[in-house]
Amino acid sequence: MHAVIRAIPRGSVATYGQVAELAGVPGGARIAAASLKQEVNLPWQRVIGKASGRRGRIKILDPVGAAIQRGLLEKEGVEVGDRGLIDLGVYGWLPKMKTARRNGRVGKTTMTRAGSDRGASLRRPPRSGSKRRA
DNA sequence: CGCGTGACTTGTA
DNA sequence: TTACAAGCCACGC
């Protein structure tokens with residue numbers, strides 16, 4: 001796990017799920033996060049959450065930690081949005097996949113749902129009109 | 001149609 | 001049991 005994280009090249013970022021899978025723990029995104037929290041000396045800054053398609057989103061709840069991470073990433077040359085959005089299609093770490101064209105979309109053929117969290121299976125009751133709010 | 005945020009679900013510590 | 005450095009999905013813009 002740590003080896004995988006440390007393998008992330010400077011200027012690139014990876015999602016917790018991706019790191020976890022590469023470490024041999026599918027769906028172990030939370031495990032990866034926990035490991036990063038426990039072990040220091042790791043470039044946890046390069047490990048981010050995930051949003052839509054090729055966009056990464058900092059899921060860090062701690063505003064201070066998130067700010068630090070953002071600063072470090074920017075220093076490495078990674079563009080971080082104000083909301084913590086990072087373009088994985090450009091800065092996303094591409095381990096062994098050779099066919100993946102960073103210049104566009106990530107070759108999901110090799111990755112195939114790195115996250116695979118069942119997060120969304122039986123949710124979303126008929127919310128009348130608005131998406132949230134009751 | 002594409003990107004972004006919001007909200008729900010799951011797992012570990 | 002609760003909290004969290006996550007993830008997916010659906011809706012909004």
Side-chain angles (χ1 to χ4, degrees):
Chain A
M1 179 79 76
H2 298 177
V4 178
I5 298 169
R6 272 181 268 193
I8 302 175
R10 181 173 172 280
S12 298
V13 294
T15 64
Y16 290 90
Q18 186 177 0
V19 172
E21 185 171 279
L22 289 170
V25 186
R30 272 137 297 222
I31 304 179
S35 290
L36 263 81
K37 293 204 303 184
Q38 292 171 65
E39 307 303 313
V40 285
N41 305 65
L42 288 174
W44 60 275
Q45 38 177 140
R46 297 179 192 154
V47 190
I48 62 176
K50 208 172 68 170
S52 325
R54 338 193 262 273
R55 235 89 335 175
R57 193 212 287 193
I58 296 181
K59 293 283 283 213
I60 300 178
L61 308 181
D62 185 50
V64 184
I68 298 172
Q69 175 177 32
R70 176 178 159 163
L72 290 167
L73 289 174
E74 290 184 312
K75 194 165 59 177
E76 293 190 351
V78 178
E79 294 180 63
V80 184
D82 297 274
R83 215 288 177 175
L85 282 174
I86 300 176
D87 196 327
L88 294 176
V90 179
Y91 305 103
W93 178 41
L94 308 175
K96 50 268 218 89
M97 43 168 80
K98 25 69 194 277
T99 27
R101 56 293 270 177
R102 322 179 38 131
N103 163 17
R105 52 227 298 136
V106 187
K108 56 176 8 175
T109 344
T110 324
M111 290 304 282
T112 319
R113 307 181 75 241
S116 292
D117 219 1
R118 327 136 196 87
S121 299
L122 51 145
R123 38 112 47 160
R124 191 86 30 197
R127 48 166 68 174
S128 1
S130 310
K131 77 171 159 179
R132 73 276 238 260
R133 281 250 20 98

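Reminder, nothing fancy here: chain letters follow the sequence lines and each chain counts from 1.
Each of A/Leu36 and A/Arg57 lies near DNA chain C, and the nucleotide nearest A/Leu36 is the one positioned closer to the 5' end.
With a cut-off of 3.5 Å on both pairing distances, the Watson-Crick or G-U wobble partner of B/dG4 is C/dC11. Applying the Watson-Crick and G-U wobble criteria (two distances, each under 3.5 Å), C/dA5 pairs with nothing in any strand.
Nearest heavy-atom pair across A/Trp93 and A/Ala14 is CE3-CB, 3.8 Å. Here the closest non-hydrogen pair linking A/Ala66 and A/Ile60 is N-CG2, 4.0 Å.
Within the 4.0 angstrom heavy-atom criterion, only backbone atoms of the sugar-phosphate kind lie near A/Gly49; the bases stay farther away. At a threshold of 4.0 angstrom between heavy atoms, the contacts of A/Leu85 are confined to the sugar-phosphate backbone, with no base atom among them.
Of the possible donor and acceptor atoms, none in the side chain of A/Gln45 sits under 3.5 Å from a partner among the backbone N and O of A/Gln69. Between the side chain of A/Glu21 and the main chain of A/Gly17, no donor-acceptor pair closer than 3.5 Å is present. Looking only at distances, no side-chain donor or acceptor of A/Gln18 sits under 3.5 Å from a matching main-chain atom of A/Gly92.
The side chain of A/Ser52 approaches C/dA10 more closely than any other nucleotide in the set C/dA10, C/dA5, B/dA13. If you check B/dG6, C/dA6, B/dT12 against the side chain of A/Ile31, the one that comes closest is B/dT12. The side chain of A/Leu61 sits closest to C/dA5 out of B/dG6, C/dA5, B/dT12. The nucleotide whose nearest atom lies closest to any side-chain atom of A/Thr15 is, among C/dA5, B/dA13, C/dG7, C/dG7. Of the candidates B/dG4, C/dG7, C/dC4, the closest approach to any side-chain atom of A/Lys37 belongs to C/dC4.
Atom-to-atom, CG of A/Leu88 to P of B/dG4 comes out at 11 Å; the value is rounded to the nearest Å. A straight line from CE of A/Met1 to C1' of C/dA6 spans 13 Å, rounded to a whole angstrom. The interatomic distance linking A/Asp62 (CG) with C/dA6 (C1') rounds to 16 Å, in whole Å. Computed from coordinates, the A/Asp82 CG to B/dG4 P distance equals 11 Å when rounded to whole Å. What separates NZ of A/Lys59 from C1' of B/dC8 is a distance of 10 Å, to the nearest Å. Distance OH (A/Tyr16) to P (B/dT10): 22 Å, rounded to an integer number of Å. Between A/Ile86 atom CD1 and C/dG7 atom C1' there is a gap of 16 Å when expressed in whole angstrom units. Atom CD in A/Glu39 sits about 15 Å away from atom C1' in B/dT12, given to the nearest Å.
Close to B/dC3, at under 4.0 Å from its OP1 or OP2, lies a side-chain N or O of A/Arg55. Residue A/Lys50 places at least one side-chain N or O under 4.0 Å from the OP1 or OP2 atom of C/dC8. A close approach under 4.0 Å does not occur between any side-chain nitrogen or oxygen of A/Arg54 and OP1 or OP2 of B/dG2.
Transitive grouping of hydrophobic side chains (ILVMFWY, heavy atoms separated by less than 4.5 Å) brings A/Ile58 and A/Val90 into a common cluster.
One donor-acceptor pair, N or O on each side, does fall under 3.5 Å between the base of B/dT10 and the side chain of A/Arg30.
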